[in-house]
Amino acid sequence: MNRSVIIENCNLRDFFDLTMTSKSISSAEVKKETVDIPNVDGVIDLSTALTGDVVYKNRVVKITLIKDDPEGKLLKFQSEFDNRFHGKMAKLTFEEDPEYYWKGRINIEHKIDKVIDQVTLTLDALPYKYKLKETVIHEKIDASKKIICTNIRKWVTPTIEATSSMSIKFENKTYSVNSGKFILAGLVFKEGENEIEVTGNGDLTIIYQEGAL
């Protein structure tokens with residue numbers, strides 16, 4: 001079966017009878033910030049000075065699809081397709097990579113030749129692809145517990161929900177929290193394993209959105 005692309009839960013093969021013939025995803029280009037100091041070798045790279053991690057420019061996801069209509073009603077199809085997607089912000093998922101979505105603004109171009117429409121769909125996408133489902137870690141805390149939170153690549157600040165007052169230690173800094181749902185400034189999960197130590201009694205839920213290049 002020809003692999004397809006899904007935009008906001010609409011499978012283009014199944015709904016519009018479109019065949020994907022090619023796709024390309026540009027590399028993530030680093031936003032570089034350098035300072036050239038006279039009489040000093042090289043330059044000073046400040047690309048990570050603000051956030052601690054590199055940041056990237058948007059990426060281009062380009063897809064070519066074919067619509068074959070023996071009845072030649074391609075102008076009607078073009079209007080329906082463009083009304084649904086052209087110029088809109090949307091989530092895009094490839095069937096071969098079903099756990100992730102790309103997000104960005106869609107641009108569509110048509111090249112009609114008699115009964116065939118070659119559709120070029122370009123997504124001005126955020127640099128990371130994101131997991132379709134948020135990562136949710138639920139733990140029951142009884143006195144003290146260490147929790148390992150694994151993150152793919154994009155640094156992320158998790159949302160934390162506690163059922164009672166607790167103490168949370170992360171990277172040698174301790175946060176005291178009451179029951180409720182909150183975000184802690186300074187608690188940022190980096191790439192790999194992130195360990196937090198929780199002291200208290202009750203239920204703790206950690207929620208975060210993982211992103212990969």
Side-chain angles (χ1 to χ4, degrees), residues 1-34 45-48 50-51 53-135 151-157 189-191 207-213:
M1 178 184 290
N2 175 62
R3 295 290 189 182
S4 184
V5 59
I6 300 162
I7 303 176
E8 297 291 344
N9 298 318
C10 176
N11 189 310
L12 300 189
R13 180 194 59 233
D14 299 341
F15 193 86
F16 285 103
D17 196 24
L18 281 163
T19 301
M20 184 169 63
T21 58
S22 69
K23 63 180 177 295
S24 64
I25 302 171
S26 66
S27 298
E29 183 180 351
V30 175
K31 290 185 177 180
K32 294 181 181 179
E33 184 68 35
T34 59
D45 192 332
L46 302 175
S47 302
T48 62
L50 184 61
T51 64
D53 190 17
V54 295
V55 292
Y56 300 96
K57 297 179 181 179
N58 271 13
R59 300 168 74 176
V60 178
V61 179
K62 191 172 184 178
I63 303 165
T64 302
L65 309 112
I66 293 295
K67 172 71 173 179
D68 187 353
D69 185 352
E71 296 182 4
K73 296 180 179 179
L74 293 173
L75 290 178
K76 180 181 178 182
F77 155 73
Q78 176 180 339
S79 182
E80 291 176 351
F81 193 73
D82 287 3
N83 285 340
R84 184 155 186 171
F85 300 118
H86 184 59
K88 295 182 179 180
M89 291 289 294
K91 294 179 181 179
L92 182 153
T93 300
F94 292 105
E95 276 190 329
E96 62 199 78
D97 194 19
E99 294 183 0
Y100 294 89
Y101 69 85
W102 296 88
K103 186 175 182 179
R105 192 168 301 282
I106 295 175
N107 182 76
I108 298 169
E109 296 180 0
H110 298 263
K111 185 178 180 181
I112 297 176
D113 183 7
K114 296 180 182 179
V115 297
I116 295 177
D117 186 358
Q118 179 178 292
V119 182
T120 302
L121 188 154
T122 305
L123 186 74
D124 182 15
L126 296 174
Y128 289 94
K129 62 180 182 179
Y130 295 90
K131 278 194 170 183
L132 278 175
K133 296 181 179 180
E134 290 182 315
T135 299
N151 185 42
I152 302 174
R153 173 62 186 88
K154 179 178 170 59
W155 291 12
V156 61
T157 299
F189 289 163
K190 300 178 177 64
E191 178 182 5
I207 305 167
Y208 54 102
Q209 180 75 62
E210 295 187 69
L213 291 174

When rounded to the nearest 0.5 angstrom, what is the spacing between NZ in Lys23 and CD1 in Ile63?
->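 The distance works out to 8.5 Å.
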
CG-NZ distance between Leu123 and Lys62, expressed to the nearest 0.5 angstrom |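 These two atoms lie 13.0 Å from each other.
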
Residues in side-chain contact (heavy atoms from CB on, under 4.5 Å) with [X], at least two apart?
X      : answer
Lys31  : Val55, Lys57
Lys190 : Trp155, Glu171, Asn194
Thr21  : Thr64, Ile66

Side-chain contact test, heavy atoms from C-beta onward, threshold under 4.5 Å: evaluate it for [X] versus [Y] and give yes or no.
X      : Y      : result
Trp102 : Phe94  : yes
Leu92  : Ile106 : no
Arg59  : Ile25  : yes

Phe16 six-ring face occupied by Arg84 cation (under 6.0 Å, within 45°) |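 Ring-cation test returns no.
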
Listing, residues 70-82 side-chain donor-acceptor contacts under 3.5 Å, not counting sequence neighbours, or none:
from, atom 1, to, atom 2, distance (Å)
Glu71, OE1, Lys73, NZ, 3.3
Asp82, OD1, His110, NE2, 2.8
Asp82, OD2, His110, NE2, 3.4

Can you see which heavy atom on [X] is nearest to which on [Y], and at what distance?
X      : Y      : answer
Asp97  : Thr93  : O-CG2, 3.8 Å
Ile7   : Ala90  : CG2-CB, 3.8 Å
Asn58  : Pro127 : OD1-CD, 3.9 Å
Val5   : Met20  : CB-SD, 4.4 Å
Gly211 : Tyr130 : CA-CD2, 4.0 Å

Applying side-chain hydrogen bond (donor to acceptor under 3.5 Å, both in side chains), name anything that partners Arg153, two or more places apart in sequence or on another chain.
->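 In terms of side-chain hydrogen bond (donor to acceptor under 3.5 Å, both in side chains), with neighbours along the sequence ignored, Arg153 is linked to Asp53, Tyr56.
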
Results of side-chain hydrogen bond (donor to acceptor under 3.5 Å, both in side chains) for Lys91 - residues two or more places apart only |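 With sequence neighbours excluded, Lys91 shows a side-chain hydrogen bond (donor to acceptor under 3.5 Å, both in side chains) to no residue whatsoever.
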
Decide yes or no on side-chain contact (heavy atoms from CB on, under 4.5 Å) for Asn107 and Asp124, but give the supporting numbers first.
-> CA-CA 8 Å; Asn107 182 76; Asp124 182 15; over 6 Å; no

Glu210 and Thr135 side chains, donor-acceptor separation under 3.5 Å |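 Yes, a side-chain donor-acceptor pair sits under 3.5 Å.
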
For Tyr128 and Leu213, run side-chain contact (heavy atoms from CB on, under 4.5 Å): C-alpha distance rounded to whole Å, both residues' side-chain angles, the deciding distance at 0.1 Å, then the answer.
-> CA-CA 5 Å; Tyr128 289 94; Leu213 291 174; 3.6 Å; yes

Salt bridge between Glu95 and Arg13, side-chain N to carboxylate O under 4.0 Å?
->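 Result for this pair is yes, salt bridge flagged.
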
Please say which of Asn11, Leu12, Asp14 ends up in a side-chain contact (heavy atoms from CB on, under 4.5 Å) with Ile6.
->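 So, applying the side-chain contact (heavy atoms from CB on, under 4.5 Å) to Ile6 and each of Asn11, Leu12, Asp14, only Asn11 qualifies.
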
Sidechain-backbone polar pair: Lys88 side chain, Asn83 backbone, donor-acceptor under 3.5 Å |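 Such a contact is found between Lys88 side chain and Asn83 backbone.
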
Kindly check if the number of other-residue, nucleotide or ligand heavy atoms within 6.0 Å of CG (Asn9) is above 12?
->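 It does not: Asn9 CG has 12 such atoms or fewer within range.
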
Greater than 12 external heavy atoms within 6.0 Å of Glu99's CD =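 No, CD of Glu99 has 12 or fewer neighbouring heavy atoms, counting only those of other groups under 6.0 Å.
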
